[in-house]
Amino acid sequence: MKFQIKYGELAKQKSNCLIVGAFEDEMTTAELQQVDRILAGGFAMATRSGEFKGSKGETLLIHNPHPFGCSRVLFVGLGKKDKFTLGLLRQTGSEAATFLSARRIISCQLATATFRFGETVLKENLQALIEGFLLAGYSYDSYLPEARKKTSVLEWMELLLVDGDCKGEAQAAIYAALAICSGVCLARDLVNTPGNVKSPEFLARQALTLGELENVSVRLIEVEELKKQGFNALLAVAQGSERDPYLIIVEYQGGDAGDKPHALVGKGVVFDSGGISLKPGAAMDEMKMDMAGAAAVLGTIDAAARMKLPVNLVGVVPTVENMPSGTSYRPGDIVTSLAGKTIEVLNTDAEGRLILADAMTYVARYQPQSMIDLATLTGACIVALGEYGAGAMSNNDELAQTLVRCGQKTNEKVWQLPLWDEYTEQIKSDFADLKNTGGRPGGALTAAAFLKEFAGEIPWVHLDIAGVAWASAAKPGRPKGGTGYGVRLLIDYLQSLAK
């Protein structure tokens with residue numbers, strides 16, 4: 001979609017379709033009255049009859065009876081103004097884009113002033129709205145026949161600003177929205193790719209394409225070097241598969257050369273059968289999404305590089321396939337991690353924490369300022385938080401609460417869970433330093449306690465995204481499948497560091 005910025009009065013515009021926001025508790029604003037005059041009172045008639053109340057999600061399309069000005073006006077209900085959020089604004093953009101595409105409307109004009117609320121500044125307001133329009137056009141259709149592929153009909157959008165609005169802020173909003181949606185769509189594509197295609201090598205090759213972006217470099221550590229260096233926890237998980245593992249390292253240098261990076265680590269299990277501790281067959285097809293943490297890391301670096309964020313990043317992705325075979329690791333095995341800690345394997349389906357342990361140990365070589373790992377780690381986190389937010393567990397409350405605030409702003413919700421010493425007691429082994437599961441009670445928390453053993457003194461947050469990485473049903477701007485969760489959250493966090 002292409003964008004253009006314009007200043008002017010609503011009554012003097014010419015467009016294929018003018019989009020106007022209407023809050024249900026502000027249905028007689030000067031802007032709405034101005035548009036109503038264009039429509040010869042058609043909007044007032046619709047509100048008086050109760051046909052349109054301005055409720056969230058309502059739409060009203062009125063054709064202009066006059067042969068001049070805009071051809072039609074789409075009124076979009078926003079609900080109560082004091083309840084409106086940037087997340088709802090993004091959703092509104094997706095709903096409007098879907099409405100227009102269904103009617104084959106290829107261009108539109110957005111009355112930006114009618115979507116303002118609260119204390120939001122122009123840039124963040126427009127950015128959320130544009131993200132909604134862009135994400136409404138996403139679909140994963142690589143294997144569908146042409147007749148069933150979704151095409152984004154909307155090609156052109158004009159942003160109508162009012163006097164006093166800064167054009168530079170509007171341009172920055174467009175630029176940021178395009179970059180962030182690029183990262184989100186990359187993450188969604190990677191998650192949605194089927195397991196027969198998505199080998200660890202496939203994921204590594206996709207990461208290599210990021211090296212084409214400015215200030216981004218990519219390096220791969222292959223299986224022989226992994227053995228040589230002692231990535232034994234990662235290799236244990238991988239040994240049941242015929243497909244070799246990789247460690248993917250992506251560096252983005254957007255800050256000063258001497259600044260230590262911020263580290264992102266993403267679980268990259270391209271397919272998780274559970275190994276010898278085999279998962280139930282129901283919904284196992286969705287286990288192609290067990291690398292959503294890796295997808296979020298790669299999508300975030302894609303967006304950060306396109307936005308030219310003034311920070312240094314290192315993204316590390318351990319990628320494996322967890323399969324049952326004659327060479328699989330077994331319950332009862334003891335492996336020695338890259339950190340030198342011995343780990344008793346009680347359940348081969350608790351594999352993500354093993355590969356993350358080695359990856360986090362490797363990241364420490366960069367002496368990062370902070371470390372965030374993202375992983376579809378436990379069903380226990382879904383039990384705790386449902387499909388609405390990620391669980392955050394941390395050795396640094398300030399860092400965790402920063403991510404909670406970023407989640408509120410981006411609508412990628414985060415809730416901090418405790419990491420008490422008692423959970424560490426649950427993962428102590430009689431035969432090794434640690435065991436890879438502490439049992440059913442507090443499963444998400446004992447998994448995080450395990451990872452904490454490999455974070456050291458680095459300020460670290462573990463995000464368990466098991467409930468939010470995959471959507472079982474479609475919503476506006478988010479079709480069924482991979483959600484791309486984490487990209488918007490992490491970009492907002494990185495922007496706060498840049499400030």
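Heavy-atom basis, side chains included; hydrogens, waters and symmetry copies ignored.
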Ignoring hydrogens and geometry, is there a side-chain-to-backbone donor-acceptor pair from [X] to [Y] under 3.5 Å?
X	Y	result
Asn396	Leu399	yes
Glu58	Lys53	yes
Tyr175	Arg306	yes
Gln33	Thr28	yes
Thr483	Tyr485	yes
Asn312	Gly254	yes
Lys198	Val191	yes
Ser182	Leu178	no
Lys288	Asn192	yes
Thr209	Arg205	no

Take Lys123 and Asn125 through the side chain to side chain donor-acceptor pair (under 3.5 Å) test and state the conclusion after the steps.
CA-CA 5 Å; Lys123 179 185 177 298; Asn125 190 280; over 6 Å; no

Is the number of heavy atoms from other residues, nucleotides or ligands under 6.0 Å of [X] [atom1] greater than 12?
X	atom1	value
Lys279	NZ	yes
Lys83	NZ	no
Glu9	CD	no
Asp82	CG	yes
Trp156	CH2	yes
Lys2	NZ	no
Lys6	NZ	yes

With a 4.5 Å heavy-atom cut-off, do [X] and [Y] have their side chains touching?
X	Y	answer
Arg103	Cys17	no
Leu74	Phe99	yes
Leu126	Ile174	no
Leu374	Leu490	yes
Leu135	Arg488	yes
Asp165	Lys167	no
Val269	Met291	no
Arg478	Gln91	no

Quick one: do the [X] and [Y] side chains pair a donor with an acceptor below 3.5 Å?
X	Y	result
Tyr493	Ser370	yes
Asn16	Arg72	yes
Asp397	Gln416	yes

Looking at [atom1] of [X] and [atom2] of [Y], how far apart are the two atoms once the value is rounded to the nearest 0.5 Å?
X	Y	atom1	atom2	answer
Met1	Cys108	CE	SG	7.0 Å
Leu86	Phe117	CG	CZ	4.5 Å
Lys149	Tyr140	NZ	OH	10.5 Å
Glu131	Leu89	CD	CG	9.5 Å
Leu203	Thr319	CG	OG1	4.5 Å
Leu160	Lys12	CG	NZ	12.0 Å

Any ion pair linking Lys267 and Asp290 (charged N to carboxylate O, less than 4.0 Å)?
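A salt bridge links Asp290 with Lys267.
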
Taking all non-hydrogen atoms of both residues into account, name the closest pair between [X] and [Y] and its distance.
X	Y	result
Ala304	Leu313	CB-CD1, 4.0 Å
Val487	Ala303	CG1-CB, 4.4 Å
Glu24	Ser55	OE2-CA, 3.9 Å
Met393	Ala444	SD-O, 3.5 Å
Asn64	His66	OD1-N, 3.0 Å
Ala359	Val316	CB-CG1, 4.0 Å

Residue pair Phe43, Phe52: steps toward the side-chain contact (heavy atoms from CB on, under 4.5 Å) verdict:
CA-CA 8 Å; Phe43 175 70; Phe52 183 80; 3.7 Å; yes

Where do Arg116 and Thr112 land on the side-chain contact (heavy atoms from CB on, under 4.5 Å) test, with the steps shown first?
CA-CA 7 Å; Arg116 310 283 175 83; Thr112 62; 3.4 Å; yes

Checking side-chain contact (heavy atoms from CB on, under 4.5 Å) for the pair Ile5/Gln171: CA distance, chi angles, key distance, verdict?
CA-CA 8 Å; Ile5 298 169; Gln171 290 173 327; 3.3 Å; yes

Could you go step by step and tell me if Arg353 and Thr378 meet the side-chain contact (heavy atoms from CB on, under 4.5 Å) rule?
CA-CA 10 Å; Arg353 65 202 71 181; Thr378 67; 3.9 Å; yes

